[in-house]
Amino acid sequence: MSVQVVGAAAPALEITNLQGWYGESHVLHGVNLTVQPGEVVTLLGRNGAGRTSILRAITGLIGKRAGSIKIGGVETIGMPTHKITHLGLGYCPEERGIFASLTTEENLLLPPVLKGHGKGMGIEEIYTLFPNLQERKHSPGTRLSGGEQQMLAVARILRTGANLLLLDEISEGLAPVIVQALARMITLLRQRGYTVVMVEQNFRFAAPLADRFYVIEHGQVVEHILASELEDKMPLLNELLGV
Amino acid sequence: MDTIFGVPLPALLSQLLLGLVNGSFYAILSLGLAVIFGLLNVINFAHGALFMMGAVVTWMAMHYLGINYWLMLLLAPLVVGCFGMVIERLFLRWIYKLDHIYGLLLTLGLTLLIEGAFRSAYGVSGLSYSTPALLQGGINLGFMFMPKYRAWVVVASLIVCLATWYLIEKTRLGAYLRAGTENPRLVEAFGINVPLMITLTYGAGVALAAFAGVLAAPIYQVSPLMGQNLIITVFAVVVIGGMGSIMGSIVTGLLLGVIEGLTRVFYPEASSTVVFVVMAIVLLIRPAGLFGKEH
Amino acid sequence: MSDTILATKNLTKEFKGFTAVDNVNLQVQRGHIHALIGPNGAGKTTCFNLLTKFLEPTRGTITFNGIDITREKSAEIARRGVIRSFQISAVFPHLTLLENVRIALQRQLGTQYHFWRSDKSLDLLNDRAVQLLAEVDLRHLADEVTVNLPYGRKRALEIATTLAMEPELMLLDEPTQGMGHEDVDRVTSLIKEVSKGRTILMVEHNMKVISTIADRISVLQRGAILAEGNYAEVSQDPRVMQAYMGTTDGQLQGAHA
Amino acid sequence: MNKQLAFWGYAALLLVLLAAPMMGAYPIFMMKLFCFALFACAFNLLFGYTGLLSFGHAAFFGGSAYIAGHVLKVWGVTPEIGLLLGTAFGALLGWLVGYLAIKRQGIYFTMITLALAQMLYFVWLQAPFTGGEDGLQAVPRGKLFGLLDLRSDMTMYYVCLAIVVLAFLFIMRIVRSPFGHILHGIKENEPRAISLGYDTNRFKLMVFVLSAALSGLAGALKTLVLGFATLSDVHWAMSGHAVLMTLVGGMGTLSGPLVGAVVIVAIENKVGEWGNWIASVTHIDWFRSLGESVTIVTGFIFVVCVLLFRRGIVGEILNFLRKPRS
Amino acid sequence: QDKVVIGFVTDMSSLYSDVDGKNGATAAQMAIDDFGGKVLGKPIELVTADHQNKADIAAAKVREWIDTQNASMILGGTNSGTALASSTVANEKGVLYINNGAGTSALTNEQCAPLTIHYAYDTVALARGTGKAIVDSGGKDWFFLTADYAFGHSLEKDTAATVKAAGGDVKGMVRHPLNASDFSSFLLQAQSSKAQILGMANAGGDTINTIKAANEFGITSTMKLAGLLLFLTDIHSMGLPTTQGLQFTSSWYWDQNDESRAWAQKFYDKTKRMPTDIQAANYSAVMNYLKAVEEAGTTDSKKVNEVLRSKELKDFYASGMIRPDGRYAHDMYLMEVKKPADSKREWDYLTVVKTLPGEEVWTLQEETKCPLWK
Ligand SMILES: Nc1ncnc2c1ncn2[C@@H]1O[C@H](COP(=O)(O)OP(=O)(O)OP(=O)(O)O)[C@@H](O)[C@H]1O
Ligand SMILES: Nc1ncnc2c1ncn2[C@@H]1O[C@H](COP(=O)(O)OP(=O)(O)OP(=O)(O)O)[C@@H](O)[C@H]1O
Ligand SMILES: [Mg+2]
Ligand SMILES: [Mg+2]
């Protein structure tokens, strides 16, 4: 597989007419979205709208998918998951996926550093960001509290040097003080040129961070909002999200 | 001083040594089971059959091709390991997402097939394999005559066991493997070729069984049924050690060999039952096994 | 009977040289919605685990309605009326919603061990089950198989099941986690609703929920109680702001909307 | 609609079975089938309805077969007492094994039952009264309640049918009882059942004992019908049989184990003939050796079932019937 | 009925399939072919089944053959449990049952039956033959290695009694569980007893592994091994280097005389293996049965049985009478395994050390519990 760089113009992520299935249930019905390098994009929607499924489809973890997903210009729809990741993908799953048989530190060091991509965060930096993790670094991963596990799940992919991060509800279950730290972290990542696709329930958290928003409903994109339009489209958004 | 419960000390000592030899087989077999269970979540009932295959392949290589023992020590695990990988690709691959039970049943089915095939080819009385020239004879330890070959079995299996343990518990590859057991999809999402890793792991676990088979060939009659009785005992060892625990299976394997050895002296009739008695006791006190982690 | 339904005395849990819960003296008033908040890893879930005996306390006692329940088993405590919900959703996935609730109701009949009795004897629970489902707005889904439900619905079902137990004391661990706004609001009012006539002890990171319904709040930090009081009191506490809220400007909405 | 269909299905089956010996069916073979079917149903109660896979059920089946054989032959008790004692023994043993085994879950549970049963195998092998390799032979059938002479195959057939039908109804009732509903809950999500105040271990132990007792009844009945109990009844392969019958028929379905028992017992007895027949039709001589390869055929069925028909025969049919509706 | 059906049920797929099994069926078929394929003008058909060592399957097969195919004789193979069960069924149905492979002496003792003939060997003969012959040749001090179940116990008990009666002494014994796989530990115990003879009261894989370990630990240099239940196929599979010098009792050996050699060669041409004594007995039994049918002029089991028991039988396999308890009382032989150097060709493994007269080796009339022979 040769990684063709289609010039600087290639979007970090380009999804066209994405279909997705779990077994026999069809959950994604033609998703179209594009993310440019260095952007922070948030997927909004109600429970069960299909946001997590989109992230899973990108990483190849959904049951079956069709359509087109290009990462950095490379078509990935036919690739196995582990190859897709090497295009510079970092995925933080909704259910956190902390490994019980590994210690916190082993969990943290688990994802291999991806070659040919950005330099990941150092372990020191990560521990400064999440002091809890340092304190509990030798205990088994799943013995951490719910929130600590969430931190670990995020921290883990910052190390690999992936430059396209897929973050699924990372503020969930965290104390406000940590949520604020995460917000600072995302701002920082953006400054460093990372591309971020977030799924968020917590609109307050996402609002100041994202450049653009996609609203998902029934496995489709139903609305696209720029940060600048946010004020104006607030009523629409509230209606869509049922606030 | 020189008798314990009416048994002379030297006799006791020799029985302990013999127990250790058997323990080495248990250790290496239960280790393979633990590796496979730990990483694939499959109870490999076929382990006994593959152990047998290791021995039979060794015999075949000698009989048809004249390949000697030492080469087979390497080749048999390789051949059987490859066979294991084919099994994994063809059969096991489809059942990982299902309950453990299906793995057990599938491998039980495979066991019947493999043993049946070898039985039709070679009958049941078995085949004879002689001890390699280098290890013939024995050492007089004063209190007993220790065949050199048995001493070699202990050394060889200890080395293999410890190497495996190190690989899994202390290396990065090991960390992938352990993580892969819990959530293979996610590990794959970190960029690791998990399907390949799983295939190789099964191959490796099976190779361990085959290695034990090669070690066993000169000691026991090489027969299609040789794995059948062993496998149940080894299951018990794995349960006692704590399933999936690598160190647990090694230590428990050796320990049970020794306990069995002692039983052979004091109450020989019970020597193959003692494993299960120990298991019952251990479970009453520590439901997760000696080295197992409580969830 | 006193007004304190649940009390712990010097409750402590140590994990291999690490103290997750440290001499906690918690008093929960009957009829209150009592919130347990605190930074991640403060020991809230561990506390719940101790109260329901999913973990064995290292030290200390737990009294419920004046009775010492420290030594009792999980199931016994549940039968006394202390029911918890899990941080991850807990349902019986391949049963219908109705059956889910009915399993919980069944215990009142006292026939759970009657393997010789027909299950027709359970039909008299159906009305109550439907009623409970209606309370959490799931009535129309009563005959659906649970596994197909979205997350938020499962949480709602879990609450319905818990209610079926007629708990005197409900322990809710982050009941609104992973829910959209709609669901959060629904569940918040649901909790308010069901708190009538019973006591609720809940862990929650969503300050909006806490501020609307909690009668009393205990703040845990590093396993110990840092502050206690009603929302106004606690939220003014600079230590709480520092350890938990993270903002020192007195703006207490937290990060959650 | 579906329930009615099932009811008429069972009724028709019962009629056929009642008439079978008159129509030339082979009573002894049928009775053996009944015993295995009952064994499979008892096993399924545990496996299919509670999600506990025991790989040691031979201990109850075979153990009770020995006990019943011994009391019938040596003590000379009447058949009903023999069956009763066999069943009671199954229950007692079930309690012991269950007590140890339910301390662990999932596959651990399975391995423990397997190991304990294997330990019991050695006990049976060594116990003097079981006759070791010879087995316990020539067990008399005697007279039921001292009245009904069971030596006639016909009488035995109807008695056997009655017992198995009653046992089957009993299992049906267990599954559809308040108790059965909790079992279902435990199978689905045990921690949740605990948190709802159910002492799940007690439920598991109870169902284990029930299943063991019914397996014991099956074993005792087998001894009564065939007149002997041997080591193969307590061997782990017998436990494997129970699993296979349940799996082939469809676990977690009431009639699955019945179908599975028919299929497996038929294979065990007839595969040689089928092999010869296939060989004569296809002219491939290899098939003639099928008769010596029952284990290979069995292994093959295991593999195929696990890979392709996980729901089993009845399970697949039910699934097929269900589909167009939803 | 337009054909004569003989049913042969044995273990064709597991533990005992080498000593009898498929090739046992071949031997029986050879007898039918040699007889001309027809008796009383009707073609003879051999039906076979694998009982997988399960008594219920064996009994079911026997019953089925008798009921549905009108089988006129059942030939039973290895495994005592299946043999006793088959015997019961056959007698109940009034059909002749001849057994070759099973060792249990109960077939002609406690559980003897009028239509049951035990043809080849039984454990009593094995024990007595080997026990007495070895003591007579100077092996006085014995140590027993016994498989701990009924079969092993009875082998041990019978042999020990013979040994003592012949003036020998039992120095001790150790009972090992079935399928113990590792025997080194038991052997050390045997060695320290300082006995001359190690009596192996076990069978199959256990015996084989005992012998292997005895070689490995140099036990064979101080003790002589006596197998109480061994077959030619066992020796074949272990090879002479391991088994040389081993003594055991057998009912027949292919290299005994010209007749046996001639028949064995025919068998070898068909199966590429030399016959075991059981396989030879299968041939002999079927042949004698067919002759008896011819003589009786009917396939009626009672009549054929009478003919069979009425006179001395004699062929390449053995000669002797069938006693009232059903035992075919022929001579047995004490065999010794050759040294590798003495073996001239493949399957040239044994020498006959001694003939054990049929009057002595089997259960005696004064001992029998068989009501038919009181
Ligand atoms: N593993 C699965 N198997 C079957 N269906 C699934 C699975 N996971 C999700 N679904 C279904 O797919 C649809 C989309 O779910 P998804 O998890 O993508 O939604 P979401 O927008 O992330 O919602 P949430 O807020 O619950 O995380 C839902 O209807 C859900 O029930
Ligand atoms: N079984 C255990 N073994 C070791 N340490 C544990 C165990 N359970 C919890 N801990 C530790 O105890 C501390 C308290 O955990 P707990 O789950 O109670 O936190 P919490 O307050 O619920 O946090 P969160 O809000 O993040 O869910 C954590 O630091 C956690 O790592
Ligand atoms: Mg989601
Ligand atoms: Mg928590």
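A, B, ... follow the sequence lines: proteins, then strands. Residue 1 opens every chain.
At most 12 non-hydrogen atoms from other residues, nucleotides or ligands lie less than 6.0 angstrom from NZ of Lys157(E). Residue Lys338(E) places its NZ atom among more than 12 non-hydrogen atoms of other residues, nucleotides or ligands, all under 6.0 Å distant.
For the 3.5 Å distance criterion, the side chains of Ser237(E) and Gln221(B) qualify, holding a donor opposite an acceptor.
For Thr146(E), no part lies under 4.5 angstrom from a heavy atom of chain B. The contact between Pro218(B) and chain E is made entirely by backbone atoms, counting heavy-atom distances below 4.5 Å. Proximity to chain E is absent for every atom of Tyr267(B), based on heavy atoms less than 4.5 angstrom apart. Both the backbone and the side chain of Ser17(E) come within less than 4.5 Å of a heavy atom in chain B. For Ser271(B), the parts sitting under 4.5 Å from any heavy atom of chain E are the backbone and the side chain alike.
Taking all atoms of both residues into account, the shortest heavy-atom contact from Asp18(E) to Gly123(B) is OD1-CA, 3.4 Å. The minimum heavy-atom distance linking Gly218(E) with Phe145(B) is given by the pair N-CE2, 4.3 Å. What you find for Tyr220(B) and Asn209(E) is that their closest heavy atoms are CA-OD1, 3.5 Å.
Within the 4.5 Å cutoff, side-chain heavy atoms of Lys212(E) are placed close to those of Ser128(B). Between Gln15(B) and Gln189(E) there is a side-chain heavy-atom pair separated by less than 4.5 Å. Two residues are said to be in side-chain contact when any heavy atoms from C-beta on lie closer than 4.5 Å; Val265(B) and Phe186(E) fail this criterion.
Taken from NE2 in His236(E) to CG in Leu127(B), the straight-line distance is 8.5 Å, to the nearest 0.5 Å. Atoms OG and CG, on Ser272(B) and Leu178(E) in that order, are 8.0 Å from each other to the nearest 0.5 Å. Here the CG-OG distance, from Asn22(B) to Ser185(E), works out to 8.5 Å after rounding to the nearest 0.5 Å. Rounding to the nearest 0.5 angstrom, the gap separating the CE atom in Met226(B) from the CD1 atom in Ile208(E) is 12.0 Å.
The pair Arg150(B)-Asp182(E) counts as a salt bridge, with a side-chain nitrogen and a carboxylate oxygen less than 4.0 angstrom apart.
Of the possible polar contacts, none joining the Glu216(E) side chain to the Ile219(B) backbone as a donor-acceptor pair under 3.5 Å is found.
Ranked by heavy-atom pairs shorter than 4.5 Å toward chain E, the options Pro268(B), Ala270(B), Ala216(B) are led by Pro268(B).
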